[in-house]
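Note that the coordinates shown come from a computational prediction; the quantities given were computed from them, not determined experimentally. Counting starts at 1 for both ligands and their atoms, in listed order.
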Amino acid sequence: MDSSREAKISGLGRSYAAALLAGDEVAAELVVREALEADLSMAAIDDDIIAPALWLVGDLWERGDISIADEHLATEISLRVLALSREARRVSQARPEHRVLLAAPAAELHVVALRMTGDLLRDAGYDVVMLGADVPPPALAASANRHRPHVICMSSTMPGGGDQLLVAMHEVQRSWPGAGFVLGGRSLTSRLRSVPGIEVCERVTDAVEAVDALVKRAASN
Ligand code: B12
């Protein structure tokens, strides 16, 4: 193993042990999420991060430095983190099987946020189809019918763009009703925020989570 990877794992291991000793489940979960993002396998997380932290907890308990309740809490946190990280792994492994189509509606030329979103989704493993700026509703509907995306992301900046999005989504639903929608941009109105099957994002950072949520919801229907 190269030394930077080794240093990364031992740093994560120390942070995970500290989280267990502090009884901080959220911090423990964040460490494991960071490990997953660093592409560590579940086996490496189990063997090199979680197990050593629990061994340390056991040693401290034996020496009387922490109580049996502290040891139980550390174990409970680890069991919960294991379940959550396996679910996160399952979701990320399923992403390449899901297609996301991205487009800006008719007359909309602002596409920087849309491109950022496409890159983030691609990096997260989704199969991305980028249509870009100024896509009229019939063309978007035809493309959705052809590419059969699970989710369509759209961005709208110009005034009146919210209505353009509603027209576009309506047209898509007639030819490809299976898609969920993730929307962003400064022209979005509160009307759009309350429509079921639509996720509205303030920031591109929220896109992967929003797409994951729609994919998960579709799978459970
Ligand atoms: C670059 C730019 C352009 C470029 C766009 C090039 C391109 N390829 O995208 C060009 C030159 C084409 C352009 C044209 C125009 N523009 Co312009 N443009 C801008 C500028 C400077 C930056 C926009 C940008 O890229 N921002 C960066 C991105 C990352 O941020 P964002 O879009 O705000 O997105 C954030 C969130 O909303 C969210 N988000 C947005 N979309 C999505 C989508 C998803 C799926 C998700 C998850 C999240 C998400 O995530 C981002 C943050 O993380 C803005 C200034 C500004 N204040 O925004 C003006 C601005 C948007 N433009 C403006 C105007 C007026 C115009 C023109 C009418 C100018 C003209 N007279 O021709 C035309 C209209 C073109 C059209 N029909 O669309 C106004 C809009 C005012 C308004 N809303 O009423 C602005 C605000 C400038 C201003 N202060 O007047 N523009």
Can you check whether Ala141's main-chain N or O pairs, donor with acceptor, with Trp176's side chain at less than 3.5 Å?
-> no

So the atoms of ligand 1 within less than 4.0 Å of a heavy atom of Met116 turn out to be 29 (C)

Charged N-O contact under 4.0 Å between Lys216 and Glu209 = no

Per-residue contact class, Ala107 against ligand 1 - non-hydrogen pairs under 4.0 Å = backbone

Run the numbers for me: atoms of ligand 1, each under 4.0 Å from some heavy atom of Met154, listed by number.
-> 43 (C), 45 (C)

Which ligand 1 atoms are under 4.0 Å away from a heavy-atom of Thr157?
-> 61 (C), 83 (N)

Taking atom 3 (C) of ligand 1 as the reference point, report whether a protein heavy atom occurs under 4.0 Å from it.
-> yes

Do any nitrogen or oxygen atoms of Cys153 lie less than 3.5 angstrom from nitrogen or oxygen atoms of ligand 1?
-> no

Non-hydrogen protein atom less than 4.0 angstrom from atom 54 (C) of ligand 1 | no

When you check the gap from the basic side-chain N to the acidic O, do Lys8 and Asp39 get nearer than 4.0 Å?
-> no

Part of Thr117 with heavy atoms under 4.0 Å of ligand 1, whether side chain, backbone, both or neither | side chain

Polar contact flag for His110 and ligand 1 (N/O pairs, less than 3.5 Å) = yes

Looking only at protein heavy atoms, what sits closest to atom 40 (C) of ligand 1 is Gly185 N, 3.2 Å

Between Gly23 and Ile77, what is the shortest heavy-atom contact and its length?
-> C-CD1, 3.6 Å

Would you mind running through ligand 1 and noting each atom that sits below 4.0 Å from a heavy atom of Ala207?
-> 47 (C)

Would you check the N or O atoms of Ala113, main chain and side chain alike, for any that come under 3.5 Å of an N or O of ligand 1?
-> no

Can any side-chain N or O of Glu71 pair as donor or acceptor with the backbone N or O of Val57 at less than 3.5 Å?
-> no

Considering only non-hydrogen protein atoms, determine which one is nearest to atom 12 (C) of ligand 1 and report residue, atom name and distance to 0.1 Å.
-> Leu109 CB, 4.2 Å

Salt bridge flag under 4.0 Å for residues Arg95 and Asp212 | yes

So which of Glu108, Arg186, Met158 gets nearest to atom 86 (C) of ligand 1, if we judge by its closest heavy atom?
-> Arg186

Looking only at N/O atoms, are Arg203 and ligand 1 under 3.5 Å apart anywhere?
-> no

Please report the shortest heavy-atom distance between Ser156 and Leu165, naming the atom on each side.
-> CB-CD1, 3.7 Å

